[in-house]
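We count residues from 1, following the sequence as given.
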Amino acid sequence: MGRLNELFQELGFEVDPQLLQLALTHRSYSYEHGGIPHNERLEFLGDAVLQVAVTDYLYRSFPDFPEGKLAKLRAAVVNAHALADVSRSLGIGQEIRFGKGERQTGGTDKASILADTLEAILGAVMISAGRDAADRLVHQLFDPLVDEVAASGSAGDWKTILQEWCSLNDFQLPHYDVTESGPDHAKHFQAVAVIGDWISASGEGSSKKQAEQGAAEAAFNELSAQHSATDA
């Protein structure tokens, strides 16, 4: 935990070692050790800390961006892929306590596990050192990424964001069912995202692309929220 502790010291706070160990305890380790506590409750807390801190930074840093663009930027940096990259940069995978089976199947580099563990660490910081400390850690790790994505214009579109999220979280890839109505000069399109047996809320617009984007956004928001709640 050397790199993590160095980072905490740089930011001017300390984290209870037992709480940090809990944040680094995967449920596979818990199952093999008599059901001891694992990190999923801390992950639940850390997810909320991350969302609020990144949203606050976006709101303050980009006053001219509309809500839709802010949402895309947040989705581009608050996702399993981005969190896993941050975790790798800190060497977190090697610090996680795994069960033997999970470690043997490559758990130390699974994006979903690395992302969840980073969120658990944020939760541990929140409890141990307070909200300001947790916010400082989020800003240290994610503000440069937000700035990079904003400057490059690489936040992507909602269909791309949803497809990447589904791939990272072992969901079937989405397809879109589109219906149209109205006369040729005033067509109205309605679309839903279909992922396995699950169907999103509908997106609507004056073009097929606009309707599909709306459906993808609705699907991403609902599925990511459900997934976070299930993991917790």
To check you understand the geometry: which heavy-atom pair defines the closest contact between [X] and [Y], and what is its length?
X      : Y      : answer
Gln210 : Ser206 : OE1-N, 2.8 Å
Thr108 : Arg103 : CG2-NH1, 3.5 Å
Ala219 : Ser200 : CB-CB, 3.7 Å
Pro174 : Gln163 : CD-CA, 4.2 Å
Ala193 : Tyr176 : CB-CE2, 3.6 Å
Glu14  : Ser128 : O-OG, 3.9 Å

According to a hydrophobic-cluster definition based on side-chain heavy atoms being under 4.5 Å apart (Ile, Leu, Val, Met, Phe, Trp, Tyr only), do [X] and [Y] belong together?
X      : Y      : answer
Phe220 : Phe171 : yes
Leu4   : Leu22  : yes
Val54  : Leu11  : yes
Val49  : Val78  : yes
Val149 : Leu118 : yes

So how far is it from [X] [atom1] to [Y] [atom2], rounded to the nearest 0.5 Å?
X      : Y      : atom1 : atom2 : result
Ser112 : His81  : OG    : NE2   : 13.5 Å
Leu50  : Glu119 : CG    : CD    : 6.0 Å
Ile121 : Leu7   : CD1   : CG    : 10.0 Å
Leu141 : Asp85  : CG    : CG    : 12.5 Å
Tyr31  : His38  : OH    : NE2   : 5.0 Å
Leu73  : Phe62  : CG    : CZ    : 6.5 Å

When you compare the side chain of [Y] with that of [X], does any pair of heavy atoms fall below 4.5 Å?
X      : Y      : value
Leu24  : Thr117 : yes
Ile36  : Arg97  : yes
Arg136 : Phe13  : yes
Cys166 : Ile195 : yes
Val52  : Arg131 : yes
Leu114 : Leu83  : no
Glu102 : Ile96  : no
Lys72  : Glu217 : no

Would you say [X]'s side chain and [Y]'s backbone share a donor-acceptor pair under 3.5 angstrom?
X      : Y      : value
Asn79  : Ala76  : yes
Gln213 : Trp158 : yes
Arg88  : Gly93  : no
Ser89  : Val86  : yes

- Item | Crowding at NE2, His139 (>12 non-hydrogen neighbours, <6.0 Å) |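 Yes - once you tally the heavy atoms of other residues, nucleotides and ligands closer than 6.0 Å, there are more than 12.
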- Query: Are more than 12 heavy atoms from other residues, nucleotides or ligands located less than 6.0 Å from atom NZ of Lys187?
  - Reply: yes
- Task: Take Leu122 and Leu137 through the side-chain contact (heavy atoms from CB on, under 4.5 Å) test and state the conclusion after the steps.
- Result: CA-CA 8 Å; Leu122 292 173; Leu137 180 56; 3.6 Å; yes
- Message: The test is salt bridge (Lys or Arg N to Asp or Glu O under 4.0 Å); show your working for Lys100 and Glu32 and say whether it passes.
- Response: CA-CA 8 Å; Lys100 291 181 181 179; Glu32 292 186 10; over 6 Å; no
- Of Val125, Leu42, Asn5, the residue whose pairing with Leu20 passes side chain to side chain contact (heavy atoms under 4.5 Å, CB included):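 Looking at Val125, Leu42, Asn5, the match for Leu20 under the side chain to side chain contact (heavy atoms under 4.5 Å, CB included) is Asn5.
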- Query: If you measure only the distance, is there a donor-acceptor pair under 3.5 Å linking the side chains of Asp147 and Tyr57?
  - Reply: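 On atom types as modelled, these side chains qualify, holding a pair under 3.5 Å.
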- Lys/Arg-Asp/Glu bridge criterion (N-O < 4.0 Å) met for Arg3, Glu10: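 A salt bridge is present here (some side-chain N lies under 4.0 Å from a carboxylate O).
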- Message: I'd like to know if Arg27 and Glu40 make a salt bridge, using a cut-off of under 4.0 Å between side-chain N and carboxylate O.
- Response: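 Yes, Arg27 and Glu40 are salt-bridged.
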- Item | Pair listing, salt bridge (charged side-chain N to carboxylate O under 4.0 Å, His left out) test, anchored in residues 168-178, at least two apart | none
